[in-house]
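The model shown is predicted, which means the values in this text are computed figures rather than measured ones. Just the heavy atoms: all of them, side chains too, but no hydrogens, waters or symmetry mates, feed the values below. Reminder, nothing fancy here: chain letters follow the sequence lines and each chain counts from 1.
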Amino acid sequence: MRYWGNGSAVAIALLGSWILGGHARADGIDDAVAGLRAPEVQTVRTSIEQLGASGDPRAIRPLADRITEGLPPALLDAAVTAVIRLGTPASHRVLYELCRHRRPTVRVQALSGLVRTRAPRTSALIIGLLDDPSAAVRSAAVNSLDTLDPGAAWQELLAAARRGQPEAAAVLGRRANAATIRRILAQLTADDVTPLADALGAWIARTDLPPPSRTAVVDRALPFGAAAHTIVHRAVAPLAESDPIRRHAEEALGAQREVSQ
Amino acid sequence: MRRAPSVRAPATRARVEPGLASLGLGVLLLGCGAGAFSHGFEERREPEVSIVLRALESVELAPRRSVAVLVVREPRALRAVDLSSGETLFEEATPELRSTPLVAGSFVVTAEGQGVIVRRLDDGRTVGRLAGQTRLLGASGDGARVVVSLAEGSEQAPLGRLFLVTDGGPQWEHELPLGVGVAALASDVVVVPWATQRVSFLDASDGHERARVRFSDRVVGRAWLEGTRVLLGQHDVWAADRAMADPSSTPSWRPAGRSLPGQPPLLADGYVGVGAPEAADSRVRLEWRAAPDAQSAVDDVMYFVFYRLVFALEASSDAVRWVRVHPRDVVGARAIGGGLWLADEAGHMVALAAADGRILSDRDLGTPLLAAAMRPDGAMPALPADAPAAEALATQLFEAARLQDNRLGGGRGLAARHLAAIAGADVTGHLVQLCADRSAPEPTRRPACDGLATRTEGAQHVRAALEHHGSFLAARPAPPVGALARAAASMRQRALVMNLVGHLADPSTPSEELADLLRGLGELGSPLVTRHVQAFVRLYHATEDPLLRRAVVAGAQALARLNGTGLAPQIAELERDTFTPPPVLEELRALLAEEEAAARLAATPPPRVEPEPEPAVVDQRPERITAPITRAVFAPAERALRRCNESSTALRISMVVGGNGEIGAVLVTPVEARACVEPIVHELRFPETRAGIREQVVHRVGAQ
């Protein structure tokens, strides 16, 4: 097993290539590749950045190799950035691997890279990362879904929200359509009210939803008690007094209070 | 020793308060044994020492009432109950009670407010009130007299006070220049441990010191009567007999050493005040009776009370005879031949059999308790005819170890430690469960995981645990992979190596598990894993995370073992990279030095282990899960799934599938079908993928 090359010679070569400039592109790649194994942090960083900026598909393999040979965190972050910047299909394999790296920030970076470079079947991967042990990775996955189509993942988003991932409820609140809302309301329980507060409030307030969907949210949530009352109250407060959703909510709240008295 | 008030201590010091009707003699007439505890007293003076010690070899026992003195919780009161008749002897409000009560002969002694009170057990009448800033250490009595040991001053350098009180009030007292321990009243002699190594023998009638011995090889803090014998001890126990005339050759006994949570002493420190009724030391304690010859424990058992856990520990070995999970905290306990009496905070007094811990008697005292002092004389009750059979010890220990009460962490850990000492595949299953419970406190989990790591039976439990990975959506914590890996190695379960490799690559495996996981892989020695361990060490060797660094070190050790090369080549490789953190190299060099020292010590050099060549493996895993793969996986279950669908629309089954093929969270539309679909889906398994990532897989099942 051999991990590393002769650094100092490489560094000199790299510096030389920079000073002279104007070398053939292939020579530049070769020098940068050699610089990946330099003993100095700065030389390695420069080489990584140079390879990332090269746009040359040949750069991906040495970067991938250097990543698997192990880098300190700062250099690894730079290497992942370079891989994403290259954006070739060959990058995807590297980024898939990095979705299992032990450092959550690397997984987040890899995830955003896969989204940005349009890796195939990215949605399936993102939804898989909703199951990640790190809240930061799950948050990134939710946000990535928000930028794509979260429709296929409403159940996973609901599960994540129920497990306390706050962004999931927010995305459901913003993006769920009437059919999805109907399905979620059908399985709503009292335990869901607090974790789904953002979603419930958003659905009541969203004017792009048909009024029956919004009133259905009010009617389904209110029997769950004080927390639900607060959510409904806050959601309709900004609406005009004459707004039919607000009127419906206030009547329903009044009826609930009478029942509870 | 005092006779006159003119030499009394300052007001803050203990004094016998005048003015009480019961103090017939009062302060003025207190006796004073001149010369007692003085520096000039001749130690081991013969024939006095031999005469006293011979007298102590058979002490006349005064008849004693079988009694319990209870500290009633609310309002705080002292209640004495005759255990034979059930009659309440007295009850008195004691709002300022600051010690558990001590039953001594026909008296009960308590620290209350600024003093110590001696009451008669029969009617609660106060016969002595010792005022001052004192700490009650102990009391010993017979039918008519009680000797009370007190401490004053700082806890680091206490001064001792000793009183003898009768029905007619205090009779004599001593002020000691050093600390006094718990004295015993033995017929005509008061045996007084003091200054940690000395024992003085006083005439009970007037307090004069008759003889003294001094130990140089042990601490003596307590004296007490056991049957007709007087015993002495602190960290060990011995009998007061003629052999004690030569203290250097006095045989003593102590039970087998062992580590117990809360570190309860063999005997409560004789120089430290009795704890408050609600203090933890009354809930975490060892309770036992020494045999009269002081060379063993009665029934060879020591009862360890840990809140509501009661362990019967073998006295002569580090073993558990039984453990009982009591429904409530134990606030008082008393061992007698044949078993243990305990009182709990709900006011139940329960007798447990020494042999198997079964309940012999359960009596409701009718009031919640803070503490209880019991003196149940006579034999233990007989086992009821309808008593259920005792559970197997492994079951008892498992029940104790898995209690969901984090206050009991240490006791649960003790149960887990002893559970791990029992052979059997089922026990391995129990240990897997205990070790997997990440909500359990470390003192509970650690012994279970340590025990699991060395199991040699029950591979099926290890395999089953390794089949699951941690899942956030499924609310499933990661299994205890480190201990499981070491167990797999102990069981030589090479078939599990790829399961372990799957966990090595899974970020949901907690970092603290990795070092043991890698050690386990190294011990398993399968060449299949070498490249995975090598890849791990390479990828993370430059990490800044301390837990990952430990894993890198363990990984390098595993590689050394797998390759059969020792650590030196691994270190050389890591040294070549300037990014390898110095702590990693330092730790590996230290391990190498140990390895080399061990090799030098060995008579012959260890045989060189030729590394097994890694078999050529053709990776046939798919890159990712595809639709055809999903259809193939679901094919056997298709018919059953159709039966789950009572709606007219297709079933949509969405799953998160791990890189190892495990199906995590399963979400079904329509949701009504979930209960039917989920168990069927969880029976399925996808192939492992090369990408190794978790991803969503959706499968649709047409309507019936």
Between A/R162 and chain B, with a heavy-atom cut-off of 4.5 Å, which part of the residue counts as in contact: side chain, backbone, both or neither? neither

Heavy-atom distance under 4.5 Å to chain B: side chain of A/I126, backbone, both or neither? neither

Go through the steps for A/H101 and B/L539 under the test side-chain contact (heavy atoms from CB on, under 4.5 Å), then give the verdict. CA-CA 9 Å; A/H101 195 275; B/L539 184 60; 4.1 Å; yes

For the pair B/R674 and A/Q187, evaluate side-chain contact (heavy atoms from CB on, under 4.5 Å) and give the outcome as yes or no after the intermediate values. CA-CA 11 Å; B/R674 182 175 177 180; A/Q187 50 181 293; 5.6 Å; no

If I measure from the heavy atoms of chain B, does A/A186 come under 4.5 Å with its side chain, its backbone, both, or neither? neither

Rounded distance [0.5 Å steps], CE in B/M655 versus CD1 in A/I127: 11.5 Å

Would you mind checking which part of A/V41 comes under 4.5 Å of any heavy atom in chain B, side chain (CB onward), backbone (N, CA, C, O), both or neither? both

Before giving the answer on side-chain hydrogen bond (donor to acceptor under 3.5 Å, both in side chains), spell out for A/T68 and B/R538 the whole-Å C-alpha distance, their side-chain angles and the decisive distance to 0.1 Å. CA-CA 7 Å; A/T68 55; B/R538 290 171 68 185; 4.5 Å; no

Is A/R163 positioned over the aromatic face of B/F472, cation under 6.0 angstrom from the ring centre and no more than 45 degrees off axis? yes

Check against side-chain contact (heavy atoms from CB on, under 4.5 Å), A/E69 and B/H541: CA-CA 9 Å; A/E69 284 167 11; B/H541 78 275; 5.8 Å; no

Under 4.5 Å from any heavy atom of chain A - which part of B/P510: backbone

Heavy-atom nearest pair, B/L548 first then A/R102, reads CD2-CD, 3.5 Å

I need the minimum non-hydrogen distance between A/P133 and B/S508, along with the two atoms involved. CG-CA, 3.5 Å

Work out which heavy atom in A/E156 is nearest to a heavy atom in B/V656; give both atom names and the distance. CG-CG2, 4.4 Å

Hey, does the side chain of A/R100 reach the backbone of B/G659 with a donor-acceptor pair shorter than 3.5 angstrom? no

Ranked by heavy-atom pairs below 4.5 Å to chain B, first place among A/S123, A/G164, A/A152 goes to A/A152

A/Y96 side chain vs B/E623 backbone, donor-acceptor pair below 3.5 Å: no

Taking C-beta and beyond as the side chain, do B/L667 and A/W154 meet within less than 4.5 Å on heavy atoms? no

Quickly, which of B/H469, B/R694, B/Q696 forms a side-chain contact (heavy atoms from CB on, under 4.5 Å) with A/D131? Name it, please. B/R694

B/E672 versus chain A, the contacting section by heavy-atom distance below 4.5 Å: neither

Under 4.5 Å to a heavy atom of chain B? For A/R103 that would be neither

About how many Å separate CD1 of B/I693 and CG of A/L114, when rounded to the nearest 0.5 Å? 7.5 Å

Nearest 0.5 Å, please: how far is SG in A/C99 from CD in B/E695? 10.5 Å

Taking it one step at a time, do A/L130 and B/L473 satisfy side-chain contact (heavy atoms from CB on, under 4.5 Å)? CA-CA 7 Å; A/L130 286 176; B/L473 291 179; 4.3 Å; yes

B/T578 side chain vs A/P39 backbone, donor-acceptor pair below 3.5 Å: yes

The reported gap from OH in B/Y540 to CG in A/L76 (rounded to nearest 0.5 angstrom) is 9.0 Å

Identify which of B/D506, B/T669, B/T543, B/V698 forms the greatest number of heavy-atom pairs closer than 4.5 Å to chain A. B/T669

Is it true that atom CZ of B/R438 has more than 12 heavy atoms of other residues, nucleotides or ligands lying nearer than 6.0 Å? yes

Name the option with the most non-hydrogen atom pairs under 4.5 Å to chain A; the candidates are B/A475, B/G470, B/A665. B/A475

Would you mind checking which part of B/A478 comes under 4.5 Å of any heavy atom in chain A, side chain (CB onward), backbone (N, CA, C, O), both or neither? neither

Closest heavy-atom contact between B/R624 and A/P120? NH1-O, 3.0 Å

Looking only at heavy atoms, the pair that brings B/A542 and A/P73 closest together is O-CD, 4.0 Å

